[in-house]
Amino acid sequence: MWKRIQTILLAAATVLVISMLFSRFATIVGPEGDVAVIRYHEKLPYLTLLIMLTTAHIAATASFKAPFLQARVSVIAALIATGFQIWLGTDFLLHRTEMTFSITILFPLLASFLDIMAARSAMTDQMLMTMNRKIKNKK
């Protein structure tokens with residue numbers, strides 16, 4: 001399972017997404033110095049997207065024996081992560097003056113990049129296996 005690069009890439013993306021469940025999203029500093037921390041799991045839409053992303057990543061990582069399926073699920077996970085990143089980006093633009101955002105706001109973008117690289121590697125594996133079968137059948 002861990003011999004293929006796409007499995008390692010998907011595992012790294014899974015770790016990034018799961019770490020967001022326990023990370024802070026932003027910090028709000030009040031006028032009197034009061035600090036309020038907002039976490040990803042406190043906002044229901046973020047929690048829903050993180051659960052969807054985690055499920056997609058686990059499914060893609062677990063489907064290592066079917067590279068074509070792994071590539072498709074990886075692309076779906078990349079699309080969900082990209083949508084989540086766009087949502088986080090709009091929240092950043094709307095509230096950048098009143099909140100201090102965490103670096104974890106960029107994790108969906110990194111996970112999306114890792115997903116696309118994993119899908120590309122899985123499709124390459126699938127094409128190599130198909131070509132190998134065709135060559136064996138000719139002999």
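For clarity, every value in this text was computed on a predicted model and none was experimentally measured.
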* Grab the two heavy atoms, one from I18 and one from T54, that are nearest each other, plus how far apart they are. => CG1-CG2, 3.8 Å
* Asked: Hey, any chance I105 and L53 share a hydrophobic cluster, counting ILVMFWY side chains that come within less than 4.5 Å of each other, even indirectly?
  -> yes
Just list the side-chain donor-acceptor pairs under 3.5 Å for residues 20-30, sequence neighbours left out, or say none.
from : atom 1 : to  : atom 2 : distance (Å)
S23  : OG     : S19 : O      : 2.6
R24  : NH1    : T27 : OG1    : 2.8

* Shortest non-hydrogen separation from A118 to L9 and the atoms involved -> N-CD1, 3.7 Å
* **Heavy-atom closest contact (A12 atom, L114 atom, distance)** => CB-CD1, 4.0 Å
* **side chain to side chain donor-acceptor pair (under 3.5 Å): pairs with one or both residues in residues 29-41, sequence neighbours excluded** => Y40-T104
* Can F113 be reached from W87 by stepping across I, L, V, M, F, W or Y side chains whose heavy atoms are under 4.5 Å apart? -> yes
* Examine distances only and state if a side-chain atom of Q6 and a backbone atom of T61 form a donor-acceptor pair shorter than 3.5 Å. => no
* To do: Give the minimum heavy-atom separation between M99 and I38, together with the two atoms involved.
  => CE-CD1, 3.9 Å
* Do you reckon L50 sits in the same ILVMFWY cluster as F92, going by side-chain contacts under 4.5 Å, direct or chained? -> yes
* Asked: Applying salt bridge (charged side-chain N to carboxylate O under 4.0 Å, His left out), which residue pairs with at least one partner in residues 105-127 are found, sequence neighbours left out?
  -> R4-D125
* Can you list the residues that meet the side chain to side chain donor-acceptor pair (under 3.5 Å) rule with T14, with sequence neighbours excluded? -> none
* Structure fact -> For S63, the side chain to side chain donor-acceptor pair (under 3.5 Å) test, sequence neighbours excluded, returns none
* More than 12 non-hydrogen atoms from neighbouring residues, nucleotides or ligands closer than 6.0 Å to CG on L93, yes or no? -> yes
* Backbone N/O of M117 and side chain of S121: donor-acceptor pair under 3.5 Å -> no
What donor-acceptor contacts under 3.5 angstrom involve side-chain atoms of residues 67-79, with partners at least two apart or in another chain?
from : atom 1 : to  : atom 2 : distance (Å)
Q70  : NE2    : A60 : O      : 3.0
S74  : OG     : Q70 : O      : 2.7

* T48: side-chain contact (heavy atoms from CB on, under 4.5 Å) partners, not counting sequence neighbours -> L44, M52
* With side-chain contact (heavy atoms from CB on, under 4.5 Å) as the test, would you mind laying out the steps for L106 and Q85 before giving the verdict? => CA-CA 7 Å; L106 297 175; Q85 183 63 53; 4.2 Å; yes
* Minimum heavy-atom distance A111-V17, with the two atoms named -> CB-CG2, 4.2 Å
* Would you please name every residue forming a side chain to side chain donor-acceptor pair (under 3.5 Å) with Q126, sequence neighbours left out? => T130
* Residues which pass side-chain contact (heavy atoms from CB on, under 4.5 Å) with L128, listed by chain and number, not counting sequence neighbours -> T124
* Could you state whether F84 and L47 fall into the same hydrophobic cluster, counting links through intermediate Ile, Leu, Val, Met, Phe, Trp or Tyr residues with side-chain heavy atoms under 4.5 angstrom apart? => yes
* Asked: Between L88 and F101, does a side-chain contact (heavy atoms from CB on, under 4.5 Å) hold up when you go through it step by step?
  -> CA-CA 10 Å; L88 290 174; F101 291 92; over 6 Å; no
* Asked: Shared ILVMFWY cluster between M129 and I5, side chains joined below 4.5 angstrom?
  -> no
* **ring-ring contact (aromatic ring centres under 6.0 Å, His included) partners of F107, counting only residues at least two apart** => none
